[in-house]
Amino acid sequence: MKRLTLFALAITLIATVFAAKSPYQAVLQHSRIRGRPHGPNVCAMQKIQGTDKKYFTNCKQWYHRKICGKPTVISYECCPGYEKAIGEKGCPAALPLVNIYKTLGVVGATTTKMYSERAKLQEEIEGPGSFTFFAPSNEAWAALPAEILDALVSNVNIELLNALHYHMINKRLTSDDLKHGAAFPSMYQDFDVHIHHYSNGIVTVNCARLVKTDQHATNGIVHVVDRVITAITNNVNSLIDTDDDLDTLRTAVAAAGLTSLLENEGSYTIFAPTNEAFEKIPPDTLTRILGDPVALKDLLNYHILKNLHCSESIVAGTPLETLQGSVLEVGCDGEEMTINGKAVVMQKDKLGTNGVVHYINELLIPDSAKTLLELAEGSVVSTASKLFKDAGLTDHLIGSEAVTLIAPLNDAFKDKSLAMTPDMKKLLRNHILKERFSSKSLYHGQELETLGGMKLRVFVFRDNLCIENACIAAHDKNGRFANMFIVDKFLTPPMGTVMDVLKADDRFSTLVGAIQRAGLTELLNKKGTYTFFAPTNAAFSAVPSADLNKLMRDPKELASLLKYHIGDEFLVSGAVTSHTRMKPLEGDKLELGARNSTIYVNRVPVVEGDLMATNGVVHAVDVIIKPLPPKTVSDQAEGSTVRRTSAVRAGSYVMKNDDLFQKVLRSQSSRTMPRVQ
């Protein structure tokens, strides 16, 4: 019964959401459904703890119980247009239909009602007509700076009346009529008020959020808003042009040729860096960007969102596309508006006719305006960045060369010596490719030439893309002139064949002798793509002496054993998943797996992987690998046992039903039943 109830609720939610007329109505209907157990016309509201801010709840917020990262408390209140009735559950009674002046009192906008009387507006909003009144809440009036409020009320017949008229439209507009991007002439000199109706159900007028909507009156409708709005007359370029705190931004906009964009029609969001934000940037970096028209335009476009977003529209982290093409994560932390998780917004919602400006105290520099060194420093590859500088490769990282940097993650250096030896310098030069590549354009078998003159091979696996032993660990970083691949390991280019690799490592001296006795030297020297799980001296030492001596005296058996350790395909450790299979040169398949950064082959751990060769790769093991025993029933997963049992039961059920079916066929009622045509 409980499941049926939950299913019915889910179907109701889906049906009502799809039937909703607008995002706001969808959220309102969700709140109604959540409030339904408390009676008719009850809406569930979420209030941010420690504040007076309330929201109708959507599905995500309901389950997370958070808005702007802050916990919320659920309360149940009458939905718009309804009120409680004594002795009855919920909110069964419709609010009385009275004129706008009286409706202001009914919805709790008593300060607006008082100022309407003082400004001689009462008679107008009591009389005939069809008005929409965006009425500031009591809290909105209280939040006005004292000097602004004093200026409004000191000359009540002019300023206050004008301010209130700007909150009015000379026709009735319900929340459904408040479409995203719409503008309506106000009753103050026909100056437009600007509507934004967001997909999360938030509706704003001049960036003020509607907190109570659709309060009908005999002569119009009242929507309560959370701030006092002011007339908008300037475009966003004029806002930037007249603010001394944005002098540097104004100069940069003009130099990048973006003035006309910010003057023309549009609906943009500008994150405007203040003079202080520009001053925080190292002078050399700032000079370089300001002197590079392409980088400067990318920098500024990275501060401009394609659509207008008032601060009130943001209730959780949201990826929003910029004119530069990249995405900014715009979110909130309580009252703070955040960009990429940082609270850098100083002033919000300075609205223009073609967009909104939010002031920020930190410059946002996109990757496309950065050098390789700037991409790497302070990131997950900062260790590699320092090594490249120590190796004298800085010029390649700050210049205009079209190169690709292969940068290992910081974790790749945990157990490595960082001493700057000649070999280390040579190896680091082989981490810089001579051309600018995108990882999406790489293909299996491709060779990439490095500054050190080496050619690195590309290997494409089902779940990974690798350059030699190093696999791509993150999305490409595309800088101003060059790109960066972030990889999981320090590159170890091949220094010879598989046989050369084994001979150069004292750990494999016994194995080298065994290979020679087994006649496999030529195989491991010739061209190929071998993966050798190479037993170390310790692996052979673990074999009883008598067995080892017998094995060494039998070249055929020895060759068979060694071939079982060699796969005729190339597989670096980064390509191994939890259920990888490999066919050896001789014998049954090898079963590979990865657990806690360790690779296993037939349950034997690899002690060191990715010793690269020109014709393959060597992985060291300290145990001779043996075939796994055949799986028995006890080895099978419990789930498969359950499935077999279920199948047996299902079969038994089918047999019983078949018997029943035959009995029905033989019955008198079946024989007299008419045949369906």
Side-chain angles (χ1 to χ4, degrees), residues 180-181 198-199 236-237 240 249 252-273 277-278 281 285-286 288-310 313-314 317-331 337-342 344-345 354-358 360 362-381 400-405 407 435-442 465 472-486:
H180 188 68
Y198 297 96
S199 59
V236 291
N237 188 69
I240 294 171
L249 176 61
V253 166
L258 294 178
T259 302
S260 59
L261 172 76
L262 301 183
E263 288 177 336
N264 295 336
E265 288 188 10
S267 187
Y268 303 115
T269 301
I270 319 293
F271 291 110
F278 281 97
I281 301 301
T285 299
L286 187 58
R288 176 184 63 78
I289 293 175
L290 293 177
D292 181 345
V294 175
L296 179 59
K297 193 167 185 177
D298 273 0
L299 173 80
L300 295 176
N301 280 336
Y302 190 57
H303 290 75
I304 305 174
L305 301 181
K306 287 186 172 182
N307 297 297
L308 191 150
H309 288 274
C310 299
S313 72
I314 305 298
T318 308
L320 300 174
E321 190 175 358
T322 67
L323 291 186
Q324 182 262 348
S326 299
V327 166
L328 290 175
E329 180 81 12
V330 181
M337 193 174 183
T338 62
I339 303 175
N340 293 339
K342 299 175 71 176
V344 296
V345 179
N354 59 344
V356 65
V357 178
H358 306 295
I360 58 175
E362 188 172 300
L363 197 64
L364 310 173
I365 305 179
D367 288 348
S368 61
K370 293 180 179 179
T371 65
L372 279 176
L373 187 60
E374 290 163 353
L375 287 175
E377 286 183 328
S379 71
V380 292
V381 295
S400 57
E401 287 180 273
V403 296
T404 303
L405 180 69
E435 296 179 46
R436 186 175 187 176
F437 291 100
S438 163
S439 63
K440 292 182 179 180
S441 68
L442 301 183
L465 172 66
I472 303 294
H475 293 297
D476 298 357
K477 293 284 189 179
N478 301 318
R480 172 66 181 94
F481 298 105
N483 292 353
M484 181 170 73
F485 295 159
I486 298 175

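What's counted below: heavy atoms across the whole structure, side chains too, no hydrogens, waters or symmetry copies. Values in this document were obtained by computation on a predicted structure and should not be read as measured data.
Note: Leu363 CG to Ile281 CD1 = 4.5 Å, rounded to the nearest 0.5 Å. Rounding to the nearest 0.5 angstrom, the gap separating the CE atom in Met337 from the OG atom in Ser313 is 6.5 Å. Taken to the nearest 0.5 Å, the CZ atom of Phe271 stands 8.0 Å off from the CG atom of Leu364. Rounded to the nearest 0.5 angstrom, Leu323 CG and Ile270 CD1 are separated by 7.5 Å. Considering CD1 of Ile360 and CD1 of Ile339, their distance stands at 5.0 Å, rounded to 0.5 Å. Between the CG atom of Asp367 and the CD atom of Gln324 there is a distance of 8.0 Å, given to the nearest 0.5 Å.
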- Task: Give the intermediate values and the outcome of side-chain contact (heavy atoms from CB on, under 4.5 Å) for residues Leu300 and Leu249.
- Result: CA-CA 9 Å; Leu300 295 176; Leu249 176 61; 3.8 Å; yes
- Task: Kindly determine whether Val381 and Met484 satisfy side-chain contact (heavy atoms from CB on, under 4.5 Å), including the steps that lead there.
- Result: CA-CA 10 Å; Val381 295; Met484 181 170 73; 4.0 Å; yes
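For His180, the ring pair (Phe, Tyr, Trp, His ring centres under 6.0 Å) criterion is met by His196, Tyr198, not counting sequence neighbours. Residues passing the side chain to side chain contact (heavy atoms under 4.5 Å, CB included) test with Glu377 are Leu373, Ser385, Lys389, sequence neighbours excluded. For His303, the ring pair (Phe, Tyr, Trp, His ring centres under 6.0 Å) test picks out no residue, with sequence neighbours left out. Evaluation of the side chain to side chain contact (heavy atoms under 4.5 Å, CB included) rule for Glu374 yields Thr285, Arg288, Lys370, Thr371 as partners, not counting sequence neighbours. Phe485 pairs by the ring pair (Phe, Tyr, Trp, His ring centres under 6.0 Å) definition with nothing, not counting sequence neighbours.
At least one donor-acceptor pair closer than 3.5 Å links the side chain of Asp476 to the backbone N or O of Ser439. Not one N or O on the side chain of Asn483 forms a donor-acceptor pair closer than 3.5 Å with the backbone of Asn478. Judged by distance alone, the side chain of Glu435 and the main-chain N or O of Phe437 form no donor-acceptor pair under 3.5 Å. Proximity of a side-chain donor or acceptor of Thr338 to a complementary backbone N or O of Gly331 within less than 3.5 Å is detected. Judged purely by atom type and a 3.5 angstrom limit, Thr269 uses its side chain to pair as donor or acceptor with the backbone of His309.
Within the 4.5 Å cutoff, side-chain heavy atoms of Leu328 are placed close to those of Leu305. Side-chain contact between Thr318 and Glu329 is absent, with no heavy atoms from C-beta onward closer than 4.5 Å. A 4.5 Å side-chain heavy-atom check between Thr322 and Asn301 finds every atom pair outside the cut-off.
None of Val294, Leu372, Asp292 except one satisfies the side chain to side chain contact (heavy atoms under 4.5 Å, CB included) rule with Phe481; the exception is Asp292.
Between Ala474 and Ile472, the closest heavy-atom pair is O-CG2, 3.2 Å. Taking every heavy atom of both residues into account, Pro366 and Asp298 meet most closely at CG-O, 3.7 Å. Pairing each heavy atom of Ala295 with each of Ala369, the nearest pair is O-CB, 3.8 Å.
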Report all side-chain donor-acceptor pairs from residues 253-268 shorter than 3.5 Å, counting only partners two or more places apart or in another chain.
residue : atom : partner : partner atom : Å
Asn264  : ND2  : Ser260  : O            : 3.0

